Amino acid sequence: RSHTELAADRDIQAVAISGHYAGQGELAIDMLRAGKDVFVEKPMAVAVEQAERIVQAERESGKRLMVGYMKRYDSGNRQVKALVDQFRASGELGALRYVRNHGFCGDWIAGNDTVAERSDEPVPPTDPVLPAWMPEQFYRGYIGYLQQYTHNINLVRWLLDAGDDVTVKYVDLDPSDGLSGVVVMDVGGVRTVLESGSVAYHGWDEQTQIYFERGWVRTAAPPLLLRNVPATVEVYRSDKGKGSSQTELFPDEGWTWSYKQEMRHFIDAVVHGTPFESSAPDTLADVRTFEQIYRQFVDEQNR
């Protein structure tokens, strides 16, 4: 009858939560305190204060929380990360200079005709959560931006092994929707540009390109619910005018679906007690970054 009743069931070891963007973090806290391992959809939290309470509940309960950043589990993206790590270590393409992440959302459903199960049960009541400094009129734009582009920021941090080394340098978002525009960041010492917006498109217009001095690695995401289609992988090499090559690679892991791969990872980690790759403490950096972005945006609008 309620999530608290489910939490009291000692036979349940782990739960998955997908709810209102502000509320699911509160449900996650309840489940951690009840002794459950938790999988929660992004965004884990909508404010640093909420994220810190989630991490505290995890620490005090001895249980763990994994965040649904499915892009980390996409076999194409995993191959891109391996390539970036290889080129940074070997110096084969020179220094890493620049990262561009472009995300103009289109049709993410991709014709999927699965019927969603519905219920008349009421949604668990939760108090609205906002960053304490944020005027309420900016909340809708903030949530719209956060719920989509938390994926992109997390992906870039992961590809660059940046941890929480992220500084927001410049923000130019459209006041009409609070999400279309450009953000410039320093991510692990690398200048990174995030382009955001939406477009009426039958596909999914999202790419991440990592530029070295003598080439690049590029990945493009498929529509999100397109089953067993991984992100594409492209490598370009140039030898100072002596020759060049451009190669499209098929991921070593084959035809996989990122959503299924992330859930396999969650279950395996719960069963064997191994670390989550997209953990609650790591996700704190994403929440801090979003508050940085939107604080600059709000300050600019209030001038």
Side-chain angles (χ1 to χ4, degrees), residues 3 6-7 9 11-21 23-32 34-45 51 54-55 57-58 61-82 108-119 124 147-155 157-159 204 206 219 221-233 251-284 286:
H3 79 285
L6 183 147
D9 188 335
D11 290 334
I12 294 175
Q13 182 179 357
V15 298
I17 299 171
S18 178
H20 185 275
Y21 303 126
Q24 61 187 7
E26 301 304 309
L27 302 181
I29 290 171
D30 289 344
M31 289 298 170
L32 288 167
K36 317 296 183 190
D37 287 314
V38 175
F39 174 93
V40 67
E41 261 302 338
K42 55 78 195 168
M44 177 185 78
I54 291 170
V55 172
E58 185 187 58
S61 68
K63 295 299 177 180
R64 301 172 303 150
L65 181 142
M66 174 177 155
V67 183
Y69 284 127
M70 84 289 184
K71 295 182 186 298
R72 286 195 180 199
Y73 304 93
D74 184 293
S75 60
N77 289 336
R78 294 177 78 83
Q79 186 140 351
V80 165
K81 176 162 174 51
W108 66 282
I109 296 175
N112 190 309
D113 59 356
T114 301
V115 177
E117 293 188 10
R118 302 189 180 278
S119 170
Q147 67 90 13
Q148 176 57 45
Y149 294 100
T150 187
H151 275 306
N152 303 60
I153 288 174
N154 182 270
L155 178 64
R157 284 199 310 107
W158 176 64
L159 290 173
W204 189 257
E206 179 182 347
T219 177
L224 309 185
L225 295 188
L226 195 58
R227 295 174 180 268
N228 295 332
V229 178
T232 61
V233 181
D252 292 337
E253 296 178 20
W255 295 105
T256 59
W257 194 23
S258 57
Y259 287 106
K260 183 179 287 187
Q261 294 300 96
E262 77 172 350
M263 195 51 61
R264 283 176 170 163
H265 173 78
F266 174 70
I267 293 171
D268 185 69
V270 168
V271 171
H272 297 102
T274 50
F276 293 138
E277 289 193 16
S278 47
S279 68
D282 178 73
T283 301
L284 263 171
D286 302 318

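Everything numeric here is computed off the predicted structure, so don't read it as measured data.
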All side-chain contact (heavy atoms from CB on, under 4.5 Å) counterparts of Met263, not counting sequence neighbours: Phe39, Phe266, Ile267
Over 12 foreign heavy atoms within 6.0 Å of OH, Tyr21: no
Contact summary for Lys71 and Ala221, nearest pair of heavy atoms: NZ-CB, 4.3 Å
Where Gln261 and Glu253 come nearest, the two heavy atoms and their spacing: NE2-OE1, 4.1 Å
Any donor-acceptor N/O pair, Arg72 side chain to Leu155 backbone, under 3.5 Å: no
Closest heavy-atom pair and its distance - Ile54, Ile29: CG1-CG1, 3.7 Å
Within-4.5 Å side-chain heavy-atom neighbours: Val38 and Lys63: no
Pair Thr256, Tyr73: side-chain N/O donor-acceptor within cut-off below 3.5 Å: no
Closest non-hydrogen atom pair, Ala110 against Leu225: CB-C, 4.4 Å
Nearest heavy atoms of Glu58 and Pro281, plus distance in Å: OE1-CD, 3.5 Å
Test item: side-chain donor near acceptor, Gln13 and Lys36, under 3.5 Å: no
Distance-minimising heavy-atom pair for Tyr259 and Met70: OH-CE, 3.6 Å
Short side-chain donor-acceptor distance under 3.5 Å, Thr219 and Asn77: yes
